[in-house]
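The structure displayed is predicted, hence computed values, not measured ones.
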There are 4 protein chains.
Amino acid sequence: MAGVNKVILIGNLGADPEVRYMPSGDAVANIRIATSETWKDKNTGERQERTEWHNVVFFGKIAEIVKQYLHKGSKIYVEGKLRTKKWQGQDGQDRYTTEIIVDINGTMQMLDSRSGGGGMGSSVPFDDAPAHQSSRGGRPQSSSPAPSSGGSSPGGSSQGAADFDDDIPF
Amino acid sequence: MAGVNKVILIGNLGADPEVRYMPSGDAVANIRIATSETWKDKNTGERQERTEWHNVVFFGKIAEIVKQYLHKGSKIYVEGKLRTKKWQGQDGQDRYTTEIIVDINGTMQMLDSRSGGGGMGSSVPFDDAPAHQSSRGGRPQSSSPAPSSGGSSPGGSSQGAADFDDDIPF
Amino acid sequence: MAGVNKVILIGNLGADPEVRYMPSGDAVANIRIATSETWKDKNTGERQERTEWHNVVFFGKIAEIVKQYLHKGSKIYVEGKLRTKKWQGQDGQDRYTTEIIVDINGTMQMLDSRSGGGGMGSSVPFDDAPAHQSSRGGRPQSSSPAPSSGGSSPGGSSQGAADFDDDIPF
Amino acid sequence: MAGVNKVILIGNLGADPEVRYMPSGDAVANIRIATSETWKDKNTGERQERTEWHNVVFFGKIAEIVKQYLHKGSKIYVEGKLRTKKWQGQDGQDRYTTEIIVDINGTMQMLDSRSGGGGMGSSVPFDDAPAHQSSRGGRPQSSSPAPSSGGSSPGGSSQGAADFDDDIPF
DNA sequence: TTTT
DNA sequence: TTTT
């Protein structure tokens, strides 16, 4: 055992997020994001570009944030893990789809500095706390009500779970 | 606002961890780890090597794990963030020291396949849970029997806070 | 444009590498590696484990290294990028497979401290040079003979292309 | 040996880059970038923010790009490695400074979508090529002149050395 | 000293 | 299907 399974992406949404809800009430958000790389052909000297599309799935609180603040064209930073799911085609055959899972251990940051293109801003009212300040209580035993307020952080802390680690249950 | 501050290291401990306790009872573990890179000199063709030493500080539960399982020579994977602290030299002048902070948002994995050299193995009894599995939510819910050998996971999940996110208070 | 597409994995090979050669003579190596995560079920308190399998493809010189030094069970660190390829099933339908591409911009490090299980060691005689030492000449056009010999580095530098940037054509 | 030494940052420049030239003619660019994390205090419920400042040093071609396109306030993605340099204070005592080195193995991406605030755009005329397309020729020995022109990529490929791997000597 |  |  043991292992590291980490994906880091910066790219743009190809369409608005698709959000659905679990029986538990938890949100699950799916997006497609494009990452591009460009280079110049060795021989022709012509500029080349290749775009890769990724299926990213957000779980829990971050899914709500995705739903609320991201839209077609949004540029984001995402940190998650790979998961390949198996499913059955209509022909009964096995199919596999690889997704980037962004859950409590992942991160999302909005990179559209100002204006998200749509609303009045890309601010995300979501809060996190540097771990070693978490006092001994292991986990955000928060309670404070008002969630966002003047909310601002467009993406939260720069690392992991903190991003979901706020005091407010969405 | 917004920002990503991430450090990923794989290297070996130069000495045993130094552990101290906060007034709160929380442990803080300090280690030095070396990362090396080698290359061949363009001109002489001679092999070159450069070793870089890093100060890594662990907070909370992971500090206890470090204390218990790591020792001089241990090879580890570490994920944390940079923090530069300011302090006063004896001459009253400002000094700065940069450290890699591994807190609840970071990760540590032991990479010494078997046996850490000291005890009876490098297994780390520390548990984490994929976020969206939290509670009832649709997940592997696996059941497969005996994981393998006598337990093994030297480090836990591959991502973020999960590593500290277990149900068991050490 | 713009984009980051990065994958970092630490896991074990499920089987020996499969190597083939391009018309150009370049090697391409395919491996499957497993990453595992473990956690303790919130409710039952039972230890859970989930293993994820990844298809990793190496191009060029690193493919030769993979062929020569990796085998079933090898533990490695890999840094690459995601690429989803489209292909046609026998039924004429489109299928998609996502792979982690490790090319000149990626990295591979062997993590089996000593002994790879097979030969007399996991050392990889491969050389890289810190970029800013590269003198102005763009790239190490070195030529010096004896590659490995006292060589040791099981994986090379910790970053990018350097890993393939040695002077010795394998 | 062996090791990984990787830093990933997303932040803003606190001031314009400082560029100097080596005897070899190579540029070296220094910047300071800030990464912030915010969280809500567990007790007071007040929003907290912590800003960390990083010294980033660019070598070679990328230093020229930094000089040309970045300025105070620019938001960037940076991938490099840690290096602590030792120097002598005026009092003759040893001092240490930790920097993030971005050389041929690192990456930089501009994240200010449109307009960098200063010039007519943040486009960076710099070209890179996916490695496995490099055919056998080891390295892009290209030559085509006109650097920018149709240029576009604000940051280059998403991985490693490719970012410096263009055909145009700046 | 940057950003929000 | 996004971006530049």
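- Atom CG in Asp112(A) sits roughly 14 Å away from atom C1' in dT4(F) (whole-Å rounding).
- In this structure, the CZ atom of Arg50(A) is 18 Å from the C1' atom of dT4(F), given to the nearest Å.
- To the nearest 0.5 Å, the span separating CZ on Arg83(B) from CD1 on Ile101(B) amounts to 3.5 Å.
- For the pair Asn12(A) CG and dT2(F) P, the interatomic distance rounds to 10 Å; values are reported in whole Å.
- Straight-line distance from the NE2 atom of His71(D) to the C1' atom of dT3(E): 13 Å, rounded to whole Å.
- Residues forming a side-chain contact (heavy atoms from CB on, under 4.5 Å) with Gln88(B) (at least two apart in sequence, or on another chain): Asp94(B).
- Atoms CH2 (Trp53(A)) and P (dT3(F)) sit 8 Å apart, rounded to a whole Å.
- In this structure, Leu111(D) atom CG and dT2(F) atom P are separated by 20 Å, rounded to whole Å.
- Distance OH (Tyr77(A)) to C1' (dT2(F)): 20 Å, rounded to an integer number of Å.
- No donor-acceptor contact under 3.5 Å links the side chain of Thr51(A) to the base of dT3(F).
- For Gln109(D) and dT4(F), the CD to C1' distance is 11 Å, given to the nearest whole Å.
- Side-chain contact between Ile33(A) and Asn12(A) is absent, with no heavy-atom pair separated by less than 4.5 Å.
- For Thr97(B), the side-chain contact (heavy atoms from CB on, under 4.5 Å) partners are Asn55(B), Lys85(B), Trp87(B), Glu99(B), not counting sequence neighbours.
- Taking only side-chain nitrogens and oxygens, Lys72(A) comes nearer than 4.0 Å to OP1 or OP2 of dT2(F).
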